[in-house]
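Below is one structure, written out as structure tokens; the observations come after it.
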Amino acid sequence: MSYNFNEIEAKWQKYWSENQTFRASNSSDKPKYYVLDMFPYPSGAGLHVGHPLGYIASDIYARYKRHTGFNVLHPQGYDSFGLPAEQYAIQTGQHPALTTAKNIKRYREQLDKIGFSFDWSREVRTSDPEYYKWTQWIFIQLFESWYDLEAEKSRAISELEEVFASEGNSRVNAACDDDVEEFSADSWNNFSSEEKQRILLKYRLTYLAETEVNWCPQLGTVLANDEIVNGVSERGGYPVVRKKMTQWSMRISAFSERLLQGLDQLDWTESLKESQRNWIGKSVGAMVHFNLYGETLKKVKDDGSLSEHQKRISVFTTRPDTIFGVSFMTLAPEHDLVKKITTPQQKEEVQAYVAASAKRSERERMADVKSITGVFTGAYAEHPFTKEPVPIWIGDYVLAGYGTGAVMAVPCGDQRDYDFAKHFEIPIPNIFENADISEAAFPGKEGTVIANSDFLSGLEYKEALQKVILELEKTGHGYGKTNYRLRDAVFSRQRYWGEPFPVYYVNGMPQMIDAQHLPLRLPEVEKYLPTETGEPPLGNATNWAWDTKANEVVSNKEIDDKTVFPLELNTMPGWAGSSWYLFRYMDAGNEQEFVSKEAQKYWENVDLYIGGSEHATGHLLYSRFWTKFLHDRGQLSVEEPFKKLINQGMILGQSAFVYRLEGENVLVSKNLLGKNEVQPIHVDVSLVNHSDELDIEGFKKWRPEFKDAKFLTEKDGSYIVGREVEKMSKSKYNVVNPDDICEDYGADTLRMYEMFLGPLEQAKPWNTAGITGVHNFLKKLWKLYHNGEEFEVSEEKASADSLKSLHKTIKKVTEDIEEFSFNTSVSTFMICVNELSAQKCNSREVLEPLAVLIAPYAPHIAEELWSKLGNSESVVNAEYPVYEEKYLVESIKNYPISFNGKMRFTMELPLDMQKDEIEKTVMADERTQKQLDGRTPKKVIVVPGKIVNIVG
RNA sequence: GCUCGAGUGGCGGAACUGGUAGACGCGCUGGAUUCAAAAUCCAGUAACUUCGGUUGUGCGGGUUCGAUUCCCGCCUCGAGCACCA
């Protein structure tokens, strides 16, 4: 019987599904293991061969863990809210729920064909109200929490209210908005309830605030920082502008230090951790206050609109030790003080500069790093130690969004300050011992000795740093401070297809819908575009008001602002649902809780997470944040979501090209190009065979505009296409569909070939031509168990050679799986089958364990062989074979004999032969004498069991 | 500019803590089988070579009996961050 993979694979896929083979139980005596793939977005284009790479790797590992006695959780589901379905809805009017359902169906069919061991009984979809009910619930928990910086922990907002009522806010060390005013217990108790709500909003972990956001007009929504790449939107590449809008934000910045520290405990790649460290951007330094000087101070003092601490300029610096090198200050053009301090003489120039830089987009500002621009304000600040006046400039090299939006400029130590000073002819005092600053600034830290700096002179960097901070604190001119680049995350999207906020507004103040009334379902709308008045698509809904008496959604007409109030019109961003989904899988059907305490305690968190590196600073940071938050509030026993994480490399496509002569309807075969000016045109790879020959007729049919084109072909009449490795994408016509591979070669071949391509983490090109090697291997494997058409295994004892082949393979494959080196284990299987074939081994003693060994990689053929071997239970729970040393013991070693480090010949010697004995035997060999050619060796190095090297 | 990866045959890649460079597979060449093709099987396949050898893991040095592996200095490619004070 030949290897009929189509039949075998269909049979076992049906068996697994009918028997719920991969259903995981929440109670087991076995140790648990949780394997998770990154949440897929079910796109309309379906899967190409690059998508399943990570799924196959995680599936092999999950199956392996099951064989070795673990209770494995390996779920799958869909991150099904998102932009593409909504863009499609805008174009076609079709409800995104319909397109999404259709795409999911297709996705599932494709996944099923590859034979994954997913527990589909736990499937979740973020767009399912039974799921987003809990996303909304978590949002409410965030709203009801604040961050205690003292305890480094999220706490209930009610506890904060108690503190306010008993002692005011002066001693509260909380993560909050910058503009919180101090108040006493008395004033708190006298505040109106509305005033109290307004203040509490400044402390909540999710809060409503007018912030400068990244607005993308083409997408009609705001974007988070991680959704912008090089100043344009990641999706679509549209321009992004800065705009002030009232938005929901998440106070993730409160967690900066913990998000940073937590990385050390994680088994993630260094590069991924590095990305997160960069993103969090910790810098240690000091806050320094510069009082305003003379006339400037007088001018500002008269301005009643400023609070006391606004009447000075605060800067953040990592080098407070260089404070005596300050020769000017620079404010961001957007800085609040700019207007207040500018002198009348400078007013015109400053206003023009501010206006010009406001017009420049973020992108322009980033692109244009070289040109130095700035204006003097005419104002002066007072140096905190020398009391000398320091001129205040504005310049757009200072970012409004980082630190305080102002810097103390130390041109001798910072290149940007240096360039600015040179350009505007500002003095550059040198405060470093033995530093040459005639050409460039001197940015050195360790070992640098400070000079010309009063009480800091003669001190080394570290000592100076400590001393100056002490002095700043003593004189009230500043304090030591750590700054983070991580900004709070904007949480609102002006889109339809996302989770509705469980929020209604009373007098403009947000109120939470009581959790027991969730989910708040997405309303039906006529169209998915923003309203004519510029409100988000939910503004089109006619039933979108909250009745606080009936606790239900009612018609907008009933809004009376007494018992019926308007609902929030924004929806949540994509990362809301994906920040906690890993926990939902633990207890997917639970209607009482987002996950039960028992289920979560049992599964803890994800042991192995596999997915793409594009989520480094988005999803992976946000889900760490939510996990820490839910842990703080007693909802989770763990503080991190993903213990081990592997980024699979991208599978690239091999695009094919035809070449058109410039301006002519003539296509030239690749080898005839010569020096002609040609224009390469993508060809669908399905029109090209393994020898790169184009199906000319097929091509003409595909692109009718070339039906009359002239083809300059090779001598044999073939047209050879050019090849190039590019990202796999529809637009490049280089997509290979896994369905076709499964149809032609089978899922087992696909699985093994994807692994065989190379190391999991590495990017590598797909080449369908190479798949025959793996397919032949499976055929050879099949043959081992068959004699001609008949299944036949022998009950006789296997030969020593065969047992050695088997155990060598067990050892190597087990090591490889543990190290996620799947490509080398496929090679190992090939070697094993080649050896067993040569040995004509068909002994059950070898073939039965081999079937289990290969089951994680090629599960269908393994099941079939396993059942033919007479087993009635599925192979998935069969015990994994254990390697036994005794089969591998060697008595002879084929020693390489090297001369001056170069191997010349080999010699078989007993492994127990002693060093001097080996030397004698080797030296006595005639080949040795021939190599030496009469010379006497200086030295003979013998490493028993390894090598012999003769020097001289 | 900074950080992190990576450079090995025609191609994908292998080589565990320094010890036979190129495993395994693709492709290619030759052969068997076949009326023929596909499929299958066998042999060969780093380069150069006067067939003795010589050179070879991005480049230049170093350590070592011995380096793809360790150290120093460069080059190239990829990824991330990027006026972050």
Side-chain angles (χ1 to χ4, degrees), chain A residues 2 229-230 269-279 281-283 285 315-320 322 330 365-366 368-370 372 395-399 401-410 413-417 419-420 483-485 613-614 616-617 647 649-650 654 690-691 723 725 752-753 756-759 761-777 779-780 783 812 815-816 819 821 823-832 834 894-906 930 937-943 945-952:
Chain A
S2 62
V229 177
N230 294 330
T269 60
E270 209 37 54
S271 71
L272 188 62
K273 290 194 206 179
E274 202 54 37
S275 294
Q276 292 217 343
R277 288 194 190 106
N278 270 338
W279 198 259
K282 179 179 183 174
S283 18
V315 299
F316 173 73
T317 173
T318 54
R319 294 294 302 273
T322 62
T330 315
R365 252 172 99 160
M366 278 201 301
D368 180 21
V369 184
K370 296 233 164 56
I372 296 159
D396 68 5
Y397 78 96
V398 175
L399 303 177
Y402 184 76
T404 61
V407 301
M408 60 176 224
V410 183
D414 181 287
Q415 194 57 43
R416 291 156 304 171
D417 296 341
D419 294 340
F420 197 88
N483 216 23
Y484 300 90
R485 196 177 74 96
S613 54
E614 67 272 21
T617 49
N647 286 133
M650 205 190 307
Q654 290 227 28
H690 294 347
S691 309
R723 289 285 196 172
V725 173
M752 291 197 93
Y753 186 54
F756 186 61
L757 283 176
E761 295 94 330
Q762 207 171 293
K764 54 231 158 206
W766 176 269
N767 176 13
T768 304
I771 204 167
T772 53
V774 171
H775 190 61
N776 281 343
F777 154 75
K779 284 204 249 178
K780 279 194 227 167
K783 272 195 192 162
K812 177 79 170 113
E815 284 168 5
D816 285 348
E819 284 162 29
S821 175
N823 55 327
T824 50
S825 47
V826 176
S827 311
T828 305
F829 281 122
M830 288 175 169
I831 294 167
C832 177
N834 287 346
N894 194 18
Y895 277 94
I897 313 300
S898 303
F899 292 81
N900 296 319
K902 298 260 176 213
M903 202 277 288
R904 294 303 168 194
F905 58 89
T906 60
K930 197 180 163 201
K938 286 197 196 106
K939 209 173 179 184
V940 178
I941 287 145
V942 178
V943 186
K946 288 247 160 101
I947 199 172
V948 178
N949 190 17
I950 298 164
V951 187

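- For the pair A:Glu819 CD and B:A14 C1', the computed distance is 14 Å after rounding to whole Å.
- Taking the six-membered ring where the residue is Trp, A:Tyr402 and A:Phe316 present perpendicular rings, their angle passing 60° and hence far from 30°.
- Using C1' as the reference atom, B:G22 and B:G56 are 11 Å apart when rounded to the nearest Å.
- Contact annotation: A:Arg904 reaches the phosphate of B:U54 (side-chain N/O to OP1 or OP2, under 4.0 Å).
- Positionally, the nearest nucleotide of RNA chain B for A:Gln762 lies more toward the 5' end than for the other of A:Arg416 and A:Gln762.
- Taking only side-chain nitrogens and oxygens, A:Arg277 never comes nearer than 4.0 Å to OP1 or OP2 of B:C4.
- Within 4.0 Å of A:Ser271, counting heavy atoms only, lie sugar-phosphate atoms of the nucleic acid but no base atom.
- Nearest nucleotide to the A:Lys946 side chain, out of B:C81, B:A14, B:G19: B:G19.
- Across the protein-nucleic acid pair, A:Met650 atom CE and B:G78 atom C1' stand 11 Å apart, rounded to whole Å.
- Within the 3.5 Å criterion, the main-chain N or O of A:Asn278 finds a donor-acceptor partner in the side chain of A:Arg485.
- Residues meeting the side-chain contact (heavy atoms from CB on, under 4.5 Å) test with A:Arg319, sequence neighbours left out: A:Thr317, A:Asp321, A:Thr322, A:Phe432, A:Lys445, A:Tyr461.
- Applying the 4.0 Å criterion to OP1 and OP2 of B:U40, one finds that A:Asn776 has a side-chain N or O inside that range.
- Ring-plane geometry between A:Phe420 and A:Tyr397 is classed as tilted, the angle between the planes lying from 30 to 60 degrees on a 0 to 90 degree scale.
- Within the structure, every side-chain polar atom (N or O) of A:Thr318 is placed at least 4.0 Å from both OP1 and OP2 of B:C84.
- The side chain of A:Met903 has B:U20 as its nearest neighbour among B:A14, B:U20, B:A85.
- Set against B:C24, B:A85, B:G19, the side chain of A:Ile947 has B:G19 as its closest nucleotide.
- Base pairing in RNA chain B yields stems of at least 3 consecutive Watson-Crick or G-U pairs, both distances under 3.5 Å, namely B:1-7 with B:75-81, B:10-12 with B:24-26, B:27-32 with B:40-45, B:46-48 with B:53-55, B:58-62 with B:70-74.
- Every residue two or more places apart in sequence or in another chain that forms a side-chain contact (heavy atoms from CB on, under 4.5 Å) with A:Thr824 is listed here: A:Lys812, A:Asp816, A:Ser821.
- Looking at A:Lys939, its side chain never comes within 3.5 Å of a backbone N or O of A:Asn949 through a donor-acceptor pair.
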What pairs of nitrogen or oxygen atoms, one from the protein and one from nucleotides 42-45 of chain B, lie under 3.5 Å apart?
none

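- Here A:Arg485 reaches the OP1 or OP2 of B:A82: one of its side-chain N or O atoms lies under 4.0 Å away.
- Of the candidate nucleotides B:C26, B:U20, B:U3, B:U20 has the atom lying nearest to any side-chain atom of A:Pro896.
- Between A:Gln415 and the phosphate of B:C83, there is no side-chain N or O to OP1/OP2 separation shorter than 4.0 Å.
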Using atom names, set out every protein N or O paired with an N or O of nucleotides 57-65 of chain B below 3.5 Å, distance rounded to 0.1 Å.
from: B:C65; atom 1: O2'; to: A:Asn949; atom 2: ND2; distance (Å): 3.2
from: B:C65; atom 1: O2; to: A:Asn949; atom 2: ND2; distance (Å): 2.6

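- Within 90° of 0 lies the glycosidic angle of B:G52, which makes this nucleotide syn.
- In this structure, the side-chain contact (heavy atoms from CB on, under 4.5 Å) partners of A:Arg277, at least two apart in sequence or on a different chain, are A:Leu260, A:Leu263, A:Asp264, A:Glu270, A:Lys273, A:Glu274.
- Nucleotides B:U54 and B:G30 are separated by 28 Å at their C1' atoms, to the nearest Å.
- B:G27 shows a glycosidic angle more than 90° from 0 and is accordingly assigned anti.
- Phosphate contact (OP1/OP2 of B:A14, side-chain N/O of A:Asn823, threshold under 4.0 Å): present.
- Candidate nucleotides B:C83, B:C84, B:U3 were compared by shortest atom distance to the side chain of A:Glu274, and B:U3 ranks first.
- Rounded to whole Å, the separation between the P atoms of B:U49 and B:C35 comes to 42 Å.
- For A:Thr317, counting side-chain heavy atoms from C-beta on, the closest listed nucleotide (B:A85, B:G12, B:G80) is B:A85.
- Remark: the backbone N or O of A:Lys946 is not paired with any side-chain donor or acceptor of A:Tyr895 at under 3.5 angstrom.
- Closest to the side chain of A:Lys779, from the set B:U3, B:U40, B:G12, is B:U40.
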